[in-house]
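The basis for the numbers below is simple: all heavy atoms, side chains too, and nothing from hydrogens, waters or symmetry mates. Residue indices begin at 1 and follow the sequence shown.
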Amino acid sequence: MSRTRPMNCIIPPYILEKLMESDDRDVRQAALATLLTTARLRGERSVRASFAAAAAPGNGRRTIFDCEQTESFTNALVARSEDGPASLDDSVNRAFDALGLTRDFFKEVFQRNSVDGRGMRLEGFVHYGFMYDNAFWDGRRMVFGDGDGDSVGDLTGSLDVIAHELAHGVTDFTSGFEYHNQSGALNESMSDVFGSLVKQWSLKQTAEEADWLIGADVWTPAIEGDALRSLKAPGTAFAGDPQPDRMGKFVHAPDTFFGDWGAVHSNSGIPNKAFYLACAGIGGFAWETIGPVWYESLKASTADDQFQDFADTTFQKAGQLFGDGSPEQSAVLAGWQEVEVPLRSVPSGLARARSFAFNGHGGAGREDGMAALTRQIGALSDKVTGLAKEVAQLKGAGVR
C-alpha cells in the first residue's frame, strides 16, 4: 500500500510570500524561486509507506553530500562521512554535527535508534539550489539551502531547525500525522517541540533558561531577537507572525499548497503553547518531564488525530509515566486548558479544582480545597465569558 508523504519545509509559504514583497530585488527573486521549486518538489513527492529503501539500518551513520548549488541529488558529491575527517566547508560540518546531536538526543533521552527506531542512516545535502530559502525533510534525507544571505541565512546554521526537520521523520515512523489541518498542525508542532528540546538538551538549559524559539539563527540573522516561531509566545516571533496561541484565534485556510495545507505552520502555535505551559509549570529540564509525555503520546497517536485527541493522549500518558494526579499530569491539563483545548478523558474528580498550588518548579503546597474550587470556577467563568465575546465579535465581522 502506498501513500503520499509531504515534503516538510521549515519555512512556510506565507513567509516566502512576505519576502516577495521585499525592497531587495535579490530577496524577492530568491523567495519566488524557492516557492516555485518547493511547489514542484511537493508535486513529485510520492513514496511507499514502508520507506523500505530509506529505512536501511546503519546505526544512524551520517553522510553529508554537497549539491554545489544545483537541485540534483544524484550528482551530489560526498563531503563528509561518519568515519571521515572534518570538512573545510563549515556548512558540511554544521550539518554533520547537528544530525549527530539530534540522533544522540533521541538515543539517550528516548532510547530511539535513529529516525525510524531501527538505525536509519542519516543523509544530509547542503548547498541545495541557488539562494534556496529553505530546509526540508523529504522522507529519506535532510536538504539545506544557503538562503538569500539577508532575510534567510544558511539553513545549516540552526540546530533547532535541523532537529525540527529530522523530527518530521520520527513522526513519519510513529503516528504519521497527516499533513493537513489539525493533524498537520500537530505534525509541525511535534517538530517544533523536539527541535526546541534538542537545543535545550545540547545546552543543558532548564525550561526557565531556554528561549523557546525556532530558527533564530537563520531568520534575518543580522537582527537580534526574532525567529521563525516562538513556542512560549506564538504570534510574536517576528513582525506579522500569524501564529495563534489558543483555539479562539484558530486560523482557517484552504487545504492547498499556498494555504499551507490548512495553515499547519500557523495553528501549530496552539499545541506549541500548551507544551511550553506544561514545561514551565513543572520547571527543570523539559526533556526529563513533559518531553517524555509528548514523545509517548506521539507513539500512541493515529494519523488523523485532532488537537483534542492528542490532548487526551498526553493527559493519559502523563498519568502513566508520573502517576494520576501528579504535578506533571496537572501541568499538562493546565496547559491545554489555557489554550482552550478541552479534554474528554479527565475524571470528574480531577476536572474540579485541585487542592494543590504549583510553584512553577514541580513543587506543590496544600491549600484550602474550597478556596481552590472557588478560584477555578471564577477563572473558568472568565474564560467562557471571554470566549463568548470573541465568538460574538467574529460573527459580527462576518467570519465563519
Side-chain angles (χ1 to χ4, degrees), residues 2-17 35 38-39 41-47 49 51 115 134-139 142 160-161 163-196 214-215 228-231 234-235 237 241-247 249-276 294-295 297-314 336 339-341:
S2 64
R3 62 186 292 187
T4 299
R5 294 274 183 171
M7 189 187 76
N8 304 104
C9 296
I10 189 67
I11 299 180
Y14 63 75
I15 289 184
L16 294 173
E17 290 174 353
L35 265 174
T38 304
L41 289 171
R42 282 189 183 275
E44 295 173 355
R45 280 296 298 140
S46 181
V47 297
F51 278 80
V115 166
N134 231 324
F136 60 85
W137 163 262
D138 72 352
M142 270 293 310
D160 44 75
V161 163
H164 168 106
E165 293 303 321
L166 278 183
H168 277 303
V170 175
T171 296
D172 282 346
F173 287 101
T174 50
S175 71
F177 283 138
E178 291 289 348
Y179 208 67
H180 304 275
N181 303 311
Q182 285 193 27
S183 60
L186 286 170
N187 192 314
E188 277 299 327
S189 177
M190 295 306 307
S191 282
D192 280 349
V193 162
F194 291 129
S196 185
I214 299 295
L228 292 171
R229 287 182 289 282
S230 169
L231 283 78
D241 180 1
Q243 277 207 313
D245 62 358
R246 60 185 184 274
M247 288 300 292
K249 294 183 177 181
F250 188 88
V251 176
H252 296 277
D255 187 7
T256 63
F257 171 73
F258 286 102
D260 196 25
W261 309 112
V264 297
H265 285 91
S266 298
N267 290 323
S268 59
I270 296 170
N272 278 359
K273 182 65 178 285
F275 178 75
Y276 162 74
W294 252 243
Y295 176 67
S297 298
L298 175 67
K299 294 195 299 180
S301 296
T302 59
D304 60 354
D305 275 1
Q306 306 295 287
F307 287 175
Q308 190 175 45
D309 299 314
F310 188 71
D312 285 336
T313 303
T314 60
W336 289 113
V339 300
E340 300 168 354
V341 175

Chemist: Mind checking ring-ring contact (aromatic ring centres under 6.0 Å, His included) for Y295 and listing every partner two or more places apart, or none if nothing turns up?
Modeler: F110
Chemist: Please evaluate residues I214 and I10 with respect to the criterion side chain to side chain contact (heavy atoms under 4.5 Å, CB included), reporting the C-alpha separation (whole Å), side-chain torsions for both, the decisive distance (0.1 Å), and the verdict.
Modeler: CA-CA 9 Å; I214 299 295; I10 189 67; 4.1 Å; yes
Chemist: Show your working on side chain to side chain contact (heavy atoms under 4.5 Å, CB included) between D255 and W261 and close with a plain yes or no.
Modeler: CA-CA 4 Å; D255 187 7; W261 309 112; 3.5 Å; yes
Chemist: Among residues at least two apart in sequence or on other chains, which ones pass ring-ring contact (aromatic ring centres under 6.0 Å, His included) with H168?
Modeler: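 ring-ring contact (aromatic ring centres under 6.0 Å, His included) list for H168, sorted by chain: H164.
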Chemist: When you measure from the side chain of D241 to the backbone of G235, do you find a donor-acceptor pair of N or O atoms at a distance under 3.5 Å?
Modeler: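 It does hold such a pair.
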Chemist: Before you tell me yes or no, could you show the steps for S189 and N272 under side-chain hydrogen bond (donor to acceptor under 3.5 Å, both in side chains), namely the whole-Å CA-CA distance, both residues' side-chain angles and the distance that decides it to 0.1 Å?
Modeler: CA-CA 6 Å; S189 177; N272 278 359; 2.6 Å; yes
Chemist: Per the salt bridge (charged side-chain N to carboxylate O under 4.0 Å, His left out) rule, what does the pair list look like for residues 179-196, sequence neighbours excluded?
Modeler: D192-R229
Chemist: Counting distance only, does the side-chain N/O of Q182 pair as donor-acceptor with the main-chain N or O of D305 below 3.5 Å?
Modeler: no
Chemist: Can you name the residues that form a ring-ring contact (aromatic ring centres under 6.0 Å, His included) with F250, not counting sequence neighbours?
Modeler: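 Scan of F250 (ring-ring contact (aromatic ring centres under 6.0 Å, His included), adjacent residues dropped) gives H252.
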Chemist: So, the side chain of N187 versus the backbone of Y179: is there a donor-acceptor pair under 3.5 Å, distance only?
Modeler: no
Chemist: When you measure from the side chain of T313 to the backbone of S297, do you find a donor-acceptor pair of N or O atoms at a distance under 3.5 Å?
Modeler: no
Chemist: Under the side chain to side chain contact (heavy atoms under 4.5 Å, CB included) criterion, do W137 and D172 qualify, and how do the steps go?
Modeler: CA-CA 11 Å; W137 163 262; D172 282 346; 3.1 Å; yes
Chemist: Going by side-chain contact (heavy atoms from CB on, under 4.5 Å), name the residues that satisfy it together with T256, two or more places apart in sequence or in a different chain.
Modeler: P254
Chemist: L16 vs N134, test: side chain to side chain contact (heavy atoms under 4.5 Å, CB included). Steps then yes/no.
Modeler: CA-CA 9 Å; L16 294 173; N134 231 324; 4.1 Å; yes
Chemist: Nearest 0.5 Å, please: how far is CZ in F177 from OG1 in T171?
Modeler: 7.0 Å
Chemist: Could you grab the distance from atom CG of N181 to atom CG of D260, nearest 0.5 Å is fine?
Modeler: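 Reported value, rounded in 0.5 Å steps: 10.5 Å.
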Chemist: Quick check: do F257 and T38 have side-chain heavy atoms less than 4.5 Å from each other?
Modeler: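 A side-chain contact under 4.5 Å exists here.
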Chemist: Measuring from Q306:CD to S183:OG, what's the distance to the nearest 0.5 Å?
Modeler: 6.0 Å
Chemist: Partners of W294 by ring-ring contact (aromatic ring centres under 6.0 Å, His included), sequence neighbours excluded?
Modeler: F275, F310, W336
